[in-house]
Amino acid sequence: MLKIFNTLSSRKEEFVPITDREVRMYACGVTVYDHSHLGHARGAVVFDVVRKYLQRKGYVVKYARNFTDVDDKIIKRASESGATWKEIAEKYTDEYIKDMERLGVDRPDIEPKATEHIRAIVELVERLVARGLAYESGGDVFFSVRKFQGYGKLSKKTIDDMLSGARVDVNELKADPLDFVLWKASKPGEPAWDSPWGKGRPGWHIECSAMSMMHLGETFDIHAGGMDLQFPHHENEIAQAEGATGKPFVRYWMHNGFVNVNREKMSKSLGNFFTIKEILDSYDPEVIRFFLLSTHYRNPIDFSDQSLQDGRSALDRFYTMTEALNNAIGKNYKPGPYTGEEISPAADALIKSAEGFLRKFDEAMDDDFNTASAIGSVFETVRDINRVISDTELLKNDPHIKDALAHARDALSAASKVLNLFGRDPEDWFGRSRAKIRIKADGERLAGIRDGLRALGVEPASDNTLPSAAIDGFIADRNAARSSKDWKKADEIRNLLSGMGIELLDSPEGTKWQIKE
RNA sequence: GGCGACGUAGCCAAGUGGUAAGGCAGAGGUCUGCAAAACCUUUAUUCAGCGGUUCGAAUCCGCUCGUCGCCUCCA
């Protein structure tokens with residue numbers, strides 16, 4: 001039974017969708033005025049996993065995530081840079097899509113943009129005006145917060161709290177300081193659309209109410225976003241939607257925690273943010289995804305190089321196992337049909353472990369998408385598999401062990417589809433499928449490496465790269481040295497490659513190499 | 001000031017009433033020309049502190065301390 005922590009009730013609730021086998025969900029995306037940072041990535045990755053897990057549970061998921069492509073910050077950015085607001089929005093929309101793709105986030109089914117839904121937005125504002133919940137003032141249209149029963153039910157605030165909270169927006173056009181804007185009159189040069197109240201543009205919260213209801217219906221299942229969107233953004237969305245329809249807007253509200261830096265929220269205003277692009281310069285995208293999923297989505301997660309490096313080591317462990325497993329039973333080996341014969345204890349234990357793993361994985365995910373716990377179970381299975389493949393006698397003599405290993409691999413693969421982690425070919429993870437190796441060194445060390453390579457008969461390119469194929473030659477040289485017990489030369493070659501970040505691994509099957517970042 | 005979250009080993013992190021998952025790092029061992037990996041053993045008698053409820057609490061209740069977030073655009 002899937003349980004979801006619902007912000008509305010502040011507790012875990014059993015998930016029951018409105019329509020039997022269908023789930024309609026909406027996540028607040030980004031305002032496209034700048035590069036996206038790790039914090040933005042967290043929400044996208046987390047809700048991507050939510051979507052994939054719902055699919056594993058057999059639901060047909062209709063998933064929408066918006067782009068806010070008209071907004072004060074975009075306009076400001078445009079006036080600073082000389083580009084048009086549209087160019088700014090398009091540039092960062094494209095960039096976000098690319099970033100997310102690299103992080104293994106699938107495109108949502110619907111990616112609505114505010115500017116493409118002006119008509120729906122205007123209609124929603126009109127409905128609110130007609131119902132007496134909104135009023136026009138000087139070309140702006142405001143929502144009358146006090147007229148909406150239940151304002152504050154999501155963020156657990158009362159009207160009094162909000163007033164005593166301190167800073168109230170001073171705007172003489174508002175009838176009440178608590179009111180918020182639905183439609184803004186445009187100043188000359190700003191983006192503008194026709195409306196019953198004159199030329200204007202949408203306010204900050206109305207687009208999400210309008211677009212989600214248009215694509216998913218007036219009541220839908222899940223609405224997600226960052227913790228900081230709870231108030232005022234989502235509170236206002238509820239007021240707008242329920243004010244207009246008189247129906248419940250959303251069944252389950254989900255909010256993800258922040259990415260912190262030194263225990264403080266990563267944010268533009270603090271200037272302590274790392275863009276996805278720059279982190280991808282130093283880390284494999286899967287490392288970032290692993291890092292973001294290694295903590296429960298509602299807890300804060302502290303960003304540091306150390307955490308990322310730990311994640312990389314953990315993934316190394318996983319893919320080392322995968323490679324050994326592939327060597328042991330073959331990459332494409334599938335278990336045969338069960339013929340009814342008695343199975344050896346070792347094989348039986350491994351099959352039970354694989355089944356136990358899937359059960360634990362689903363239990364963890366059923367418990368409000370506990371990816372951290374789910375990943376823990378993955379590594380328990382990794383150890384069980386390693387235990388078996390390190391026992392060469394067992395591998396050789398047990399007729400059932402290959403099938404058992406294949407079962408375990410299948411179980412992991414089911415989990416891998418949900419997390420979109422652990423699913424790559426080890427060749428790719430270890431960097432062997434790259435065409436070129438970059439020598440990460442400079443100064444004297446670089447010169448030393450170049451000399452060493454030249455001595456072995458390979459001239460590095462001027463951009464300090466060399467073709468991956470050259471490594472095989474070095475390995476052959478070293479193995480020739482090893483067979484004549486020329487340990488000194490063998491070690492020289494190992495050290496030379498190690499100096500440029502390439503590690504050689506000897507095994508009975510031969511020597512492999514991998515890049516250690 | 002109001003509302004809320006969190007505090008588990010050297011680090012990261014699960015665990016919401018039944019006696020502390022997992023990852024990283026460390027130590028010893030097996031294997032190995034060296035190295036790496038893997039495996040075995042080991043690393044929290046204890047879950048910020050103090051009280052309380054209970055046969056039993058990291059888990060429930062109260063208080064204290066500490067950290068953070070929202071209340072203003074923010075994932």
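Treat the numbers as computed from the prediction; the structure is a model and nothing was measured. For the numbers below, each heavy atom of this structure counts, side chains included, while hydrogens, waters and symmetry mates do not. Naming convention: chains lettered A, B, ... in sequence-line order (proteins, then strands); numbering from 1 in each chain.
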G-U wobble or Watson-Crick pairing nucleotide for [N] (cut-off 3.5 Å, both distances):
N	result
B:C70	B:G2
B:G7	B:C65
B:A37	none
B:C55	B:G18

Which nucleotide in the list [options] gets nearest to the side chain of [X]?
X	options	result
A:Lys265	B:C70, B:G22, B:C40	B:C70
A:Lys157	B:C70, B:C40, B:C68	B:C70
A:His40	B:C24, B:G33, B:A75	B:A75
A:Asn260	B:C68, B:U67, B:C40	B:C68
A:Asp228	B:G15, B:C74, B:C3	B:C74
A:Leu229	B:C74, B:G33, B:A14	B:C74
A:Arg482	B:C73, B:A13, B:G33	B:G33
A:Ser267	B:A35, B:C39, B:C74	B:C74
A:Glu380	B:A21, B:A13, B:C71	B:A21

Any donor-acceptor pair under 3.5 Å between the side chain of [X] and the base of [N]?
X	N	result
A:Arg298	B:G4	no
A:Asp506	B:C34	yes
A:Lys73	B:C74	no
A:Arg42	B:A75	no

Whole-Å distance separating the [atom1] atom of [X] from the [atom2] atom of [N]:
X	N	atom1	atom2	value
A:Asp310	B:G22	CG	C1'	13 Å
A:Phe303	B:A13	CZ	C1'	18 Å
A:Glu503	B:C34	CD	P	16 Å
A:Lys489	B:C34	NZ	C1'	17 Å
A:Lys184	B:C73	NZ	P	10 Å
A:Glu393	B:A38	CD	C1'	16 Å
A:Trp204	B:U72	CH2	C1'	11 Å
A:Asn272	B:C74	CG	P	17 Å

Report task. Indicate yes or no: does A:Arg51 engage A:Asp109 in a salt bridge with an N to O separation below 4.0 Å. Result ->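 Yes, charged N to carboxylate O under 4.0 Å.
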**Report entry** Carboxylate-amine/guanidinium proximity below 4.0 Å for A:Lys489 and A:Asp477
**Finding:**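 No, no charged N to carboxylate O under 4.0 Å.
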Need one value for [X]: base, sugar-phosphate or nothing, where a base atom within 4.0 Å counts as base even if backbone is also close, heavy atoms only.
X	result
A:Gly257	base
A:Arg494	base
A:Ser313	sugar-phosphate
A:Met321	nothing
A:Val378	nothing
A:Asn299	sugar-phosphate
A:Gly39	base
A:His233	nothing
A:Asn386	sugar-phosphate
A:Gly226	sugar-phosphate
A:Leu505	base
A:Ala314	sugar-phosphate
A:Leu38	nothing

Query raised in the report: Once the angle between the rings of A:Trp429 and A:Tyr319 is folded into 0 to 90°, is it parallel (under 30°), tilted (30 to 60°) or perpendicular (over 60°)?
Result: parallel
Query raised in the report: Under 30°, 30 to 60°, or over 60°: which ring-plane class applies to A:Phe180 and A:Phe143, parallel, tilted or perpendicular?
Result: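 A:Phe180 vs A:Phe143 ring planes: parallel.
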Requested in this report: Inspect the surroundings of CD in A:Glu278 and state if more than 12 heavy atoms from other residues, nucleotides or ligands are less than 6.0 Å away.
Outcome: yes
Query raised in the report: Counting only heavy atoms not in A:Lys352, do more than 12 sit closer than 6.0 Å to its NZ atom?
Result: no
With a 4.0 Å cutoff (strictly under), does any side-chain N or O of [X] reach OP1 or OP2 of [N]?
X	N	value
A:Arg478	B:C34	no
A:Arg317	B:C39	yes
A:Arg312	B:G23	no
A:Asn370	B:A14	no

Query raised in the report: Taking atom P in both B:A57 and B:G18, what distance in whole Å separates the two?
Result: 12 Å
Query raised in the report: Distance between the P atoms of B:G1 and B:G10, in whole angstroms?
Result: 34 Å
Query - Given RNA chain B, 5'-ward residue of the pair A:Met227 and A:Phe379, judged by closest heavy atom - result: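 Its nucleotide being nearer the 5' end, the pick is A:Phe379.
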Query raised in the report: Ring-on-base stacking between A:Trp487 and B:G33, under 5.5 Å between centres and under 30° between planes: is it there?
Result: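 Base of B:G33: stacked against A:Trp487.
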Query raised in the report: Going by heavy atoms in the side chains, are A:Phe290 and A:Ile288 under 4.5 Å from each other?
Result: no
